[in-house]
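Both counts, for ligands and for their atoms, begin at 1 and track the order of listing.
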Amino acid sequence: MKIPLSKPVLDDEMTEAAIAALQNEKFVMGESVFKFEEDFAKYCGVKHATSTSSGTFALQFALQALGIEQKTRVITTPYSFVATSNAALWAGATPVFADIDPKTYNINAELAKQELNNETKAIIPVHLYGFPADMQAISDLFDDHGCAVVEDACQAHGAEFRGRKTGSLGDVGCFSFYPSKNMTVCGDGGMATTNDEDVAFKIAKLRDCGRKSHYEHDCIGMTARLNTVNAAIGRVQLKKLDMWNEKRRACARMYDHLLKDIESLTLPPGESSVVKPVYHLYVIRTTLRDELKDRLESFGIQCGVHYPLPIHLQPIYRSLFGYKEGDFPESELASKSVLSLPMFPDLEKEEVEYVCEKVHEFFGKRRET
Ligand SMILES: Cc1ncc(COP(=O)(O)O)c(C=O)c1O
């Protein structure tokens with residue numbers, strides 16, 4: 001059996017929507033782009049959604065539109081994809097890290113609070129692996145400090161915190177549509193969601209060469225628009241997102257059930273009355289991570305490590321800021337022990353059983369030796 005880590009969907013309805021968009025609309029800024037933005041805003045429960053060519057640009061433009069600039073500080077987690085803090089750097093700010101809560105892998109709000117000073121202008125909680133960050137704690141600790149909250153929801157399309165969708169929980173929410181995400185546009189793409197009309201307008205300008213009107217540019221923007229064909233595919237994918245997320249949750253429940261007896265494994269945090277995760281990844285923890293990964297892969301089970309190197313230990317961050325081992329111990333421990341098992345909506349019951357059987361065999365064998 002060969003089981004991939006993730007499997008993007010491209011069905012006939014998406015192919016037909018793509019062909020129709022290519023044949024009937026402008027390739028850039030066609031009607032589908034604006035319709036996708038409308039659909040996405042409605043889905044998240046916000047007034048505005050502005051598409052971009054990637055999640056990274058959504059984050060960067062969100063920060064710029066909120067007035068983040070040179071000599072300001074942006075607090076975030078070192079345990080994320082590097083784009084999260086790169087966006088702060090591209091906006092001209094200095095990213096400042098606060099370690100994670102090891103139970104959720106998300107930023108520890110109390111530690112983040114310790115990084116607050118007069119130069120701190122924003123915090124970027126990341127809803128890692130599709131599990132919402134503790135937005136209540138962040139709001140309680142940061143709301144009175146004039147600090148903007150930019151959600152990195154690039155792994156959390158459709159996840160909920162206290163009944164509200166990610167993307168509607170901060171000042172701006174940022175999403176990625178990279179092919180492995182819970183929904184994709186079958187290429188790169190991103191979206192920034194907000195209730196603030198002025199911020200949405202600024203993001204729209206920044207992604208479109210700083211255009212005020214067609215030949216007038218009043219800020220330094222980028223060419224970072226979402227292509228029409230990708231937006232057309234995104235609209236079809238969005239309709240299926242809830243169904244796909246439900247299937248992911250069902251797979252997660254199956255994994256939870258079949259793996260719960262293995263003492264040396266830590267399973268991911270689950271659903272509760274507060275959070276409804278969407279399992280972008282199903283991540284387990286073990287000190288035998290590398291051996292387990294090799295064993296599973298020898299049986300055709302593709303695994304991932306998200307992430308083997310926390311951001312502060314990436315070569316460029318070490319050289320720019322002088323970070324070293326030991327600076328963020330929980331993130332470093334996680335990076336040495338996490339393992340992502342196959343997770344996608346069409347993952348079959350038999351496939352989950354096969355993965356779990358091989359995990360049991362691995363730990364059973366180790367007990368005997
Ligand atoms: C947590 C997180 N932030 C930011 C990004 C950046 O998104 P993109 O790859 O679309 O630029 C990603 C996606 O890879 C991500 O997983």
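Ranking the protein heavy atoms by distance from atom 9 (O) of ligand 1 puts S176 OG, 4.0 Å first. In terms of protein heavy-atom proximity, atom 11 (O) of ligand 1 is closest to T56 OG1, 2.5 Å.
Contacts between A83 and ligand 1, counted as non-hydrogen atom pairs separated by less than 4.0 Å, involve the side chain only. The part of D152 lying near ligand 1 is the side chain, judged by heavy-atom distances below 4.0 Å. When heavy-atom distances to ligand 1 are checked against a 4.0 Å cut-off, V126 comes that close only through its side chain, counted from C-beta outward.
Scanning all heavy atoms of the two residues, the minimum distance from N182 to L241 falls at O-CD1, 3.8 Å. Taking both residues in full, the closest heavy atoms of V185 and N230 are given as O-ND2, 2.9 Å, listed atom of the first, atom of the second, then distance. Nearest heavy-atom pair, G326 versus E332, reported as atom, atom and distance to 0.1 Å: N-OE1, 2.7 Å. The two atoms that bring S335 and V305 nearest to each other are O-CG1, 4.3 Å, heavy atoms only.
Close contacts of ligand 1 with S80, meaning ligand atoms under 4.0 Å from a residue heavy atom, involve 1 (C). Using a 4.0 Å cut-off to heavy atoms of T84, the atoms of ligand 1 that qualify are 3 (N). Short contacts between ligand 1 and S54, defined as distances under 4.0 Å to a heavy atom of the residue, involve ligand atoms 10 (O), 11 (O). For ligand 1, the atoms lying closer than 4.0 Å to a non-hydrogen atom of Q155 are 1 (C), 16 (O).
Under 4.0 Å is where a charged nitrogen must lie from a carboxylate oxygen, and between E271 and R248 no such pair does. Ion pairing between a basic and an acidic side chain is recognised when a charged N comes within 4.0 Å of a carboxylate O; D198 and K202 show such pairing. Checked for salt-bridge contact, E353 and K349 meet the test: a charged N lies under 4.0 Å from a carboxylate O.
One option in C154, A156, S180 has a heavy atom closer to atom 5 (C) of ligand 1 than any other, and that option is C154. Taking each of C174, A58, G55 in turn, the one with a heavy atom nearest to atom 8 (P) of ligand 1 proves to be G55.
Cation-pi geometry between K181 and F175 is not met at under 6.0 angstrom from the ring centre and within 45 degrees of the axis.
In this structure, D188 has no heavy atom closer than 4.0 Å to ligand 1. Under a 4.0 angstrom heavy-atom cut-off, G190 registers as lying outside contact with ligand 1. Under a 4.0 Å heavy-atom criterion, H280 is not in contact with ligand 1.
Of the candidates N117, T94, N118, N117 is the only one forming a side chain to side chain donor-acceptor pair (under 3.5 Å) with R73.
In terms of polar-atom proximity, defined here as any N/O pair under 3.5 Å, Y178 makes no such contact with ligand 1. At a 3.5 angstrom cut-off on N or O pairs, K181 counts as close to ligand 1.
Classification of the Y79-Y129 ring pair by plane angle, with boundaries at 30° and 60°, yields perpendicular.
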